[in-house]
Amino acid sequence: MAGQTTFTMIKPDAFGAGNSGAIIKIIEEAGFKISAAKVTKLSSERAGQFYEVHKERPFYNDLVSYMSSGPIIAMVLKKDNAVEDFRTLIGATNPAEAAEGTIRKLFATSIEANAIHGSDSDDNAQIEAGFFFSRTERF
Ligand code: UDP
Ligand code: MG
């Protein structure tokens, strides 16, 4: 059975543009409950760790500097089938390919500055939630 937890970050471009409220409204209207949330800023070391899986990719260094360039909002979200439904809600990595109405289609400015993160598996949702929040910070 699919899990009920996913993890998201409103990325520095969307946070900086003042789109956090509009994005959270879309997330809540889609039926996700916020289990934990905080505004924080990643150091380049922490951003590098978060995206470790992409270390060998050509975009890694740029991604790490972008993700540490300003504040983000980290959130743990709850819903049935959370990971898959949230990936549908945010749309494709490249906003040019994202479906109409998705968060990335609405708010992303490039394939890098694509407004929002969503976990890609139940296991990664748990790992990523744990990267930002202790168990007792999650409701
Ligand atoms: N990214 C990038 N260039 C690319 C692919 C990805 O800058 O060609 C960035 C983008 O911010 C993306 C993140 O790296 O969200 C992680 O990439 P991934 O393939 O995991 O995409 P996601 O799971 O976020 O859709
Ligand atoms: Mg990914």
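Just so you know, ligand 1 is whichever comes first in the structure, and atom 1 is the first atom listed for that ligand. Nothing fancy with the numbering, it's 1 onward along the sequence. From a predicted model like this one, the values you see are computed outputs, not experimental measurements.
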Got the closest protein heavy atom to atom 9 (C) of ligand 1, with its distance? L63 CD1, 3.7 Å

Answer with yes or no whether the side chains of T5 and K78 bring together a donor and an acceptor at under 3.5 Å. yes

Can you tell me the protein heavy atom closest to atom 25 (O) of ligand 1 and the distance? T93 OG1, 2.5 Å

Heavy-atom contact under 4.0 Å between R104 and ligand 1? yes

Just to confirm my output: which protein heavy-atom neighbour is closest to atom 17 (O) of ligand 1, and how far is it? H54 NE2, 3.4 Å

Examine the proximity of ligand 1 to R87 and report which part, side chain or backbone, both or neither, has a heavy atom under 4.0 Å away. side chain

Protein contact to atom 4 (C) of ligand 1 [nearest heavy atom, distance to 0.1 Å]: F59 CD2, 3.4 Å

Lys NZ or Arg CZ of R57 over Y51 ring: under 6.0 Å, within 45°: no

In this structure, atom 10 (C) of ligand 1 is nearest to the protein heavy atom I111 O, 3.2 Å

Tell me whether the rings of H117 and F50 are parallel (<30°), tilted (30 to 60°) or perpendicular (>60°). perpendicular

Checking K55 against Y60: charged group under 6.0 Å from the ring centre and within 45 degrees of the axis? no

Ligand 1 versus K11: contacting region, heavy-atom distance under 4.0 Å: side chain

Assess whether a salt bridge exists between E84 and R87, defined as any Lys/Arg side-chain N lying under 4.0 Å from an Asp/Glu carboxylate O. no

Do the side chains of F131 and F133 join up, straight or via other hydrophobic residues, at under 4.5 Å, putting them in one cluster? yes

Any N or O of E112 that comes nearer than 3.5 Å to an N or O of ligand 1? yes

State which residue, out of I73, T102, I23, fulfils the side chain to side chain contact (heavy atoms under 4.5 Å, CB included) condition with I116. I23

Is the closest heavy-atom distance from N114 to ligand 1 below 4.0 Å? yes

Donor-acceptor contact below 3.5 Å, side chain N81 vs main chain A2: no

Test item, M67 contacting ligand 1 (heavy atom, 4.0 angstrom): no

